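Here the structure is laid out as structure tokens; the discussion comes afterwards.
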Amino acid sequence: MSAFAEEDVVKRWESEQASLRQQVVEEDTEEWQRSLNFSGLERVGGVDLSFIKGDDVNACAQLVVLSYPDLEVLYEDSQMVTLTAPYIAGFLAFRETPCLLDALQRLEKSQPALLPQVVLVDGNGLFHYREFGLACHLGVLSGLPCVGVAKNLLQVQGVAKDNEHQSQIAALQKGGDSFPLTAASGKVLGKALRSSDSSSKPVYVSVGHKISLDTAVRLTHSCCRYRVPEPIRQVHKHTHTHTHKQTDAHIKSL
DNA sequence: GCGACAG
DNA sequence: ATCTTGTCGC
């Protein structure tokens, strides 16, 4: 895509983000979210795309639904997809949301009783250049509560990976400890969470839709057996095996 | 010129 | 995202 065409696309995407941003609900809306032990929560979803080395157009879109609190796989769906939108930092959602929505809609149509009550998304929610990352985008378009969980710190709105940040990380003693990610405006956009006792590198949690930040952090921690929360860890596993299965089938057919 | 740039 | 096995350490 030419630089001019990309500039044009970015302008349209920015205004679409600004418009959808208005619809984000940053508070708890569900009964189970108010409960101390999330009683009433039975299904947590995870979504992800995976790619093969030289190919950034064909991907495997995956949705898993885990039981809560046992975190056992109840449902999984894999679908090879062809992506049309390019990856542009800050606009990940335009690339990934359509096929993730498709996966949720397939489930809603075939087994609505298995729809997740909340979805953990690999990426950011409000912790984003324009406070509208992938988790918000998927949340608003699906209507489901969503949480953004990023594995790396996005340096945005004055939040930096500086010495202060490093020392805050060092101060996280045990799983569940966290500190806020505060924008230059003073707004808390997310939290860095030590997700388990055994991992010193935090994950970055932010509100996607229909959940408060504190609930999002508490939920994320309660889904962690290892550093990456189980719904996302499981969905990664499945996407990889399926991508490689498809690759093998493709190679065999040649 | 250099660093940053979710997945 | 993806390229990549074993290895050192708690």
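Since we're looking at a predicted model, the values are computed, not measured. Chain A is the first sequence line, chain B the second, and so forth, proteins listed ahead of strands; every chain is numbered from 1. Values below: every heavy atom of this structure, side chains too, minus hydrogens, waters and symmetry copies.
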Using a 4.0 Å heavy-atom cut-off across all strands, classify A:N152 as base, sugar-phosphate, or nothing. sugar-phosphate

Specify the residues of residues 194-211 of chain A, ordered by number, for which at least one heavy atom lies under 4.0 angstrom from an atom of DNA chain B. none

Tell me whether A:D28 contacts the main-chain N or O of A:S212 through its side chain, where contact means a donor paired with an acceptor under 3.5 Å. yes

For A:Y129, report the nucleic acid contact type (base, sugar-phosphate, nothing); a contact means any heavy atom under 4.0 Å. sugar-phosphate

Taking 4.0 angstrom as the limit, do A:K11 and A:E14 come out as a salt bridge? no

Tell me the interatomic distance from A:K151, atom NZ, to C:dA1, atom C1', rounded to whole angstroms. 9 Å

Taking both distances under 3.5 Å as the test for a Watson-Crick or G-U pair, what stems of at least three pairs does DNA chain B have? none

Using a 3.5 Å distance criterion without hydrogens, assess whether the side chain of A:Q117 forms a donor-acceptor pair with backbone atoms of A:E42. yes

A:I88 near the nucleic acid: base, sugar-phosphate alone, or nothing, with a heavy-atom cut-off under 4.0 Å? nothing

Please answer whether the main-chain N or O of A:A85 pairs with a side-chain N or O of A:R95 as donor and acceptor at a distance below 3.5 Å. yes

More than 12 heavy atoms from other groups under 6.0 Å of CD on A:Q23: yes

Taking A:Q155's backbone N and O only, do any of them form a donor-acceptor pair with A:K161's side chain (distance below 3.5 Å, no angle check)? no

With heavy atoms of chain A within less than 4.0 Å as the criterion, where does contact along DNA chain B begin and end? B:dA4 to B:dG7

Can you pull out every salt bridge (charged side-chain N to carboxylate O under 4.0 Å, His left out) where at least one residue sits in residues 172-190 of chain A? Sequence neighbours excluded, please. A:E26-A:K187, A:E131-A:K187, A:K174-A:D177

NA contact type, A:G54, heavy-atom cut-off 4.0 Å: base, sugar-phosphate, or nothing? nothing

A:K53 side-chain N/O to C:dT4 phosphate OP1/OP2 under 4.0 Å: no

Determine the contact category for A:L154: base if any of its heavy atoms lies under 4.0 Å from a base atom, sugar-phosphate if only primed atoms, P, OP1 or OP2 are that close, otherwise nothing. sugar-phosphate

Connected to A:Y204, directly or through other members, by ILVMFWY side-chain contacts below 4.5 Å are A:F127, A:Y129, A:L153, A:L154, A:V156, A:V159, A:I169, A:L172, A:F179, A:L181, A:L189

Could you give the distance from CZ (A:R130) to OG (A:S15), rounded to the nearest 0.5 Å? 10.5 Å

Check for a donor-acceptor pair, side chain of A:H209 on one end and backbone N or O of A:C136 on the other, with a separation under 3.5 Å. no

Got a donor-acceptor contact below 3.5 angstrom from the A:R194 side chain to the A:S199 backbone? yes

To the nearest 0.5 Å, tell me how far A:Y75 OH sits from A:S110 OG. 4.5 Å

In which ranges does DNA chain C form stems of 3 or more consecutive Watson-Crick or G-U pairs, distances under 3.5 Å? none

Determine whether a donor-acceptor pair (N or O, by modelled atom type, separation under 3.5 Å) exists between the side chain of A:H128 and the backbone of A:G90. yes

I need the OH-P distance between A:Y87 and C:dA1, as an integer number of Å. 10 Å

